[in-house]
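Data first, discussion second: the structure below is written as structure tokens.
Note that these values count all heavy atoms, side chains included, but never hydrogens, waters or copies made by symmetry. This structure is a prediction, so every number in the text was calculated from the model and none was measured. Along the sequence shown, residues are numbered consecutively beginning with 1.
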Amino acid sequence: MTFSNAGSVLATLTQVNFMGALTSRVKSLPVPELVCLLDFITAEFQQFIRAMDLINNEALETLLEQLLDAFTVKIGQILQADRTTIFLVDSNKNQLWHKTVDALGEPLEIRLPMDAGILGYVATTGKSINVASARSHEHFNSEVDAPPGYQIETILCMPIFSSKSQDEPVAVVRLLNKAGNVPFNEEDEQQFKAFADSIGIILESCQSFYVVARNQRGVAALLRATTTLGQSLDLETTLRAVMDQARDLMQADRSTLFLLNRETNELWTKVAKADGTTMVDLRIPANKGIAGYVASTGQPLNITDAYDDPRFDPSTDGQTGYRTRTVLCMPVHNAKGELIGVTQLINKNQGTFTPSDEEFLRAFNSQAGMALQNSQLFQNVMVEKQYQKDMLQSLSDAVISTDLQGRVVTINEAALELLGCPVNQDKSKHNPQIWEDKLIDRYVWEVVPIENLQFRLEDSLNNAARHYVPEQTLTLGLLVEKTFCSAETAAAKTEAETEEETYILAVPDRTNPNLYYAWGENSAWTEEVAQAELANSQSLFSLPNAARYHPYCPLPIPASRIKLIERSLNLTVNPLINPEGGVRGGLVVLEDISHEKRMKNTMYRYLTPGVVDKVMALGEGALMVGERKEVTILFSDIRGYTTLTENLGASDVVSLLNEYFETMVEAVFHYEGTLDKFIGDALMAVFGAPLPLNPPESHGWMAVQSALDMRRRLKEFNDSRPGADPFRFGIGISSGEVVSGNIGSQKRMDYTVIGDAVNLSSRLEQLTKEYGCDIILSEFTYSLCREGIWVRELDKVRVKGKNQAVGIYELLQNTSEPIDGETVRFLELYSNGRNAYIARNFHKAISYFEAALAMRPTDRPVEVHIERSLSYLEIPPPEDWDGVHTIRTKP
């Protein structure tokens, strides 16, 4: 075993076949040779220490650039080139790159494909190219080989190899336009080759140092990031830490972590506002842009020039003045391998993002994914806890939970309000807390006197039984006590504010309905004591409040002092089950159906029973809260109502109208419409509200079918009255967005809809008089069901109060019903006439319309168009006439 020179001893010893050889070797070494060996090892360790110092030196980041700049200048000087550039080979991205500065002096990284031009040929083959006329060379590519705005003549392009391989260049040197306007010669090539190997070793060493240094700092940063991410369960803090640590780890200018919201299919993050501290939400679609591509495919993206990537949206840069150059975007997965977010790094400080960056970001994302999952789980737990608390408080039903003995544990505001506590009054704002303090730990049946409640709850607690008992009666009382605040407090308040009211729950005596007890606290009293106290009640009630209601001396309160409360309830008693399957408490739910009964009676006036049930299942808010909806409105009005009824008595008129409306309303209800209101001899119906239809967009179709059914029912109605004047009606139908809800005063409220669609359908119903039709649709309704109905285009009108014209159509019949040939011919003539009319060819339009009129002499739309055409022949319409007929007054 020999050690040839210093600097190789440790390298030799680390080889597998030399492991343990040093021990056996030094045993026989004389002292002078041992000293020499120690000197060799010491010298090599000193080299390692200096290398480690260099690796830890932050200036290493610029060392490679400084060396490249120096070599570039010197090579150009030696070979007398006008312009010299050293391109480094990036084999991972199949590119050649070098750094320069732009017109503003900002650093700029130039990247060129490694498979194009003379540069690409030298980089891929390792062969030199030296030509006097670069542009005539077969591999010349102006986009790669000629710098922008530079006139190239001679070129010498030579490879630089690493010490490990003479087949794959690590760099390519390009020299352009030798001084004296002469070509580069063989001597220039030889001069370059004399120092090319050394440059290759230096470049390779710099890159190796850079990779080691980068990895070392990356590991340290990753360790810091992991430590930071594990220190907080707050999602916002974790997001901020992730973004900061990722930016430092990857040495990027900006970093963003987007989290995936699967419910909305959005990527969202929190970004700092201008103050640098306030965080606001930023949301983008999960399938748009670079981040969206990574989120939707799960594939990472390493982009060297954002503006060359079609997925990049440069509009943000245009607004902010910031220029995005390089982007590294990678997915973040949770412990189950599910994608939960995307990290996006922008503009690496030095060069472009490397495969090493990708590996570190992948490792970082793995840690970030676990930290985010923990934060989200913690947040979900907190949200769920708050949600359950809010849900309990926001439930319209009264909910009371109990322990295993039946004592109250929690009680929501609805339960307090059901028992009589005013929860939203200024004068009694402290009452809810007082009531909770009084009711918690009390047996629930003592404060909620419902028959057999104790039996049912104990059965549920002992046997996990479930009970549902509808229409129970709850009778309670309220005692109102007025109190006044202290003089010190009163000085700062108005006279009205000094008076407060305390509401006390009064529970009736089980045997004497004329007696009540405050908070139901009468269990410690015998009947004899209660009777004795009752006898002295007049004198006792004159005492101060504290003496009246001593906590250990509950006194009976006469019914005359009590405000009676009666409720109709549905009672539900269920056990609360723990994860092991045992009972851990009870749940008493009291559903107040008093108001529900009143609501049902109200809704039956304009909804079918089935729809009423659905609305009630959704809760009162389904009608009470206004909301915007896409619906179809139908207006129907009786034509000639006065003439029809002038010879009838009042009772006969009412009877006849009831009979007529009975069948018309059935047509509305049969197609799931809502009867909005009667307006004299007219009715208004809504399709698509208060509940959407199935499918939701079918509201137009259902309204049209209802109108056709009303036409059929009208014929049957008239046939049932032989000899009487027949009823005729006009129907207008339009679709659009409306605001729906209960509108009115507290004393009287009605469900209705308001909006442009309502106004337009009313106008169309009145236009049936002008056009002599029974049913007119707007273009908005027609577009919803055009495939299923036969129509005739009547006109394009602009109604009073509106600037936008709307197409109107006469509803003929369903396409499922055959249409006769004569009608087809009539419609063709009418359509041709309309086309000529719109084209301002009024002579031709008149000829078509007159032919149509010969087939149907009383057709009013044809007569209307003939009259207008004749008028326009006398006084032509203006040049900007678009065929729209303006209704100057309300029809």
Side-chain angles (χ1 to χ4, degrees), residues 632-637 639 700-701 703-712 714-715 728-735 760-761 763-799 805-839 841-842 844-870 872 882-887 891:
T632 297
I633 310 298
L634 181 151
F635 267 91
S636 172
D637 185 42
R639 293 287 171 258
W701 174 257
V704 166
Q705 297 310 301
S706 180
L708 291 173
D709 192 21
M710 292 169 78
R711 177 190 285 169
R712 178 187 63 80
L714 179 63
K715 183 179 183 305
R728 294 180 297 108
F729 62 36
I731 294 177
I733 303 175
S734 188
S735 304
L760 181 56
S761 59
R763 298 287 194 276
L764 296 184
E765 175 267 308
Q766 297 169 50
L767 280 177
T768 58
K769 303 173 186 177
E770 180 173 338
Y771 290 92
C773 303
D774 63 344
I775 305 173
I776 294 181
L777 315 178
S778 74
E779 63 184 41
F780 310 116
T781 301
Y782 176 55
S783 66
L784 295 175
C785 46
R786 62 190 307 158
E787 301 300 327
I789 56 176
W790 291 107
V791 298
R792 169 170 51 156
E793 183 187 25
L794 292 176
D795 213 340
K796 209 166 180 66
V797 298
R798 186 179 291 110
V799 299
V806 59
I808 61 175
Y809 300 83
E810 177 188 7
L811 176 61
L812 301 179
Q813 62 187 58
N814 287 326
T815 55
S816 59
E817 301 172 4
I819 190 167
D820 62 86
E822 183 178 351
T823 301
V824 171
R825 175 58 182 161
F826 171 79
L827 294 177
E828 287 178 355
L829 289 172
Y830 176 84
S831 178
N832 291 336
R834 276 284 299 169
N835 292 336
Y837 174 82
I838 297 299
N841 191 344
F842 299 114
K844 189 174 182 180
I846 290 172
S847 66
Y848 279 121
F849 286 134
E850 287 180 342
L853 192 62
M855 298 182 68
R856 295 189 180 181
T858 61
D859 189 82
R860 182 57 186 158
V862 173
E863 292 176 346
V864 167
H865 281 83
I866 291 176
E867 292 169 2
R868 290 184 196 165
S869 297
L870 291 172
Y872 285 140
D882 54 3
V884 174
H885 177 61
T886 300
I887 308 296

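Side-chain contact between I819 and L827 is present, with heavy atoms from C-beta onward closer than 4.5 Å. Between I731 and I776, every side-chain heavy-atom pair lies at or beyond the 4.5 Å cut-off. Y848 has its side chain out of reach of Y837: every pair of non-hydrogen atoms, C-beta onward, lies at least 4.5 Å apart. Side-chain contact between S761 and S778 is absent, with no heavy atoms from C-beta onward closer than 4.5 Å. Annotation: side chain of P861 is not in contact with side chain of V864 (no heavy-atom distance under 4.5 Å). In this structure, the side chains of H885 and E770 come closer than 4.5 Å at one or more pairs of heavy atoms.
Between I789 atom CD1 and L812 atom CG the span is 8.5 Å, to the nearest 0.5 Å. Annotation: the span from N841 atom CG to I846 atom CD1 amounts to 9.5 Å, rounded to 0.5 Å. In this structure, CZ in F780 is found 6.5 Å from CG in L760, a value given to the nearest 0.5 Å. Separation of atoms OG (S869) and NZ (K844) is listed at 13.5 Å; rounding is to 0.5 Å. The structure places CG of L767 at 9.5 Å from CZ of R763, a figure rounded to the nearest 0.5 Å. Rounding to the nearest 0.5 Å places OH of Y809 at 9.0 Å from OG of S783.
Checked by atom type and distance alone, the side chain of D709 never pairs as donor or acceptor with a backbone atom of Q705 at under 3.5 Å. For the pair D882 (side chain) and V884 (backbone), a donor-acceptor distance under 3.5 Å is present. In this structure, the side chain of Q813 engages the main chain of E817 through a donor-acceptor pair within 3.5 Å. When atom types are taken as modelled, the side chain of E779 and the backbone of G807 share a donor-acceptor pair closer than 3.5 angstrom.
The residues R856 and E822 are annotated as not salt-bridged, no charged nitrogen and carboxylate oxygen being separated by less than 4.0 angstrom. A salt bridge is defined here as a Lys NZ or Arg NE, NH1 or NH2 lying under 4.0 Å from an Asp or Glu carboxylate O, and D820 with R825 fails to meet this definition. Of the charged side-chain nitrogens involved, at least one lies within less than 4.0 Å of a carboxylate oxygen, so that D795 and R834 count as a salt-bridged pair. Ion pairing between a basic and an acidic side chain is recognised when a charged N comes within 4.0 Å of a carboxylate O; D637 and R728 show no such pairing.
When all heavy atoms are compared, the tightest approach of G833 to A845 is O-CB, 3.6 Å. When all heavy atoms of E765 and G730 are compared, the closest pair comes out as CG-O, 3.3 Å. Nearest heavy atom pair, residue W790 against residue N814, reads CD1-O, 3.4 Å. Here the closest heavy-atom approach between residue L764 and residue S734 is recorded as CD1-CB, 4.4 Å. When every heavy atom of I866 is checked against every heavy atom of F849, the shortest pair comes out as CG1-CB, 3.5 Å. When all heavy atoms of I838 and G883 are compared, the pair lying nearest together is CD1-CA, 3.9 Å.
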Practice item. Assess whether side-chain contact (heavy atoms from CB on, under 4.5 Å) is satisfied between V806 and V797, documenting all intermediate values. Key: CA-CA 6 Å; V806 59; V797 298; 4.0 Å; yes
Exercise for review: Walk me through it: do R860 and E810 pass the test salt bridge (charged side-chain N to carboxylate O under 4.0 Å, His left out)?
Suggested key: CA-CA 12 Å; R860 182 57 186 158; E810 177 188 7; over 6 Å; no
Review point. Would T632 and W701 satisfy side-chain contact (heavy atoms from CB on, under 4.5 Å), going step by step from the backbone distance to the final call?
Key: CA-CA 9 Å; T632 297; W701 174 257; over 6 Å; no
Review point. Where do R792 and F826 land on the side-chain contact (heavy atoms from CB on, under 4.5 Å) test, with the steps shown first?
Key: CA-CA 10 Å; R792 169 170 51 156; F826 171 79; 3.7 Å; yes
Practice item. Please test L811 against L708 for side-chain contact (heavy atoms from CB on, under 4.5 Å), starting from the C-alpha separation and ending with a verdict. Key: CA-CA 8 Å; L811 176 61; L708 291 173; 3.7 Å; yes
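The aromatic rings of Y830 and H865 stand perpendicular to each other, their planes meeting at an angle above 60°, with 30° marking the opposite boundary.
Of the candidates L777, L634, I775, V791, L777 is the only one forming a side-chain contact (heavy atoms from CB on, under 4.5 Å) with V704.
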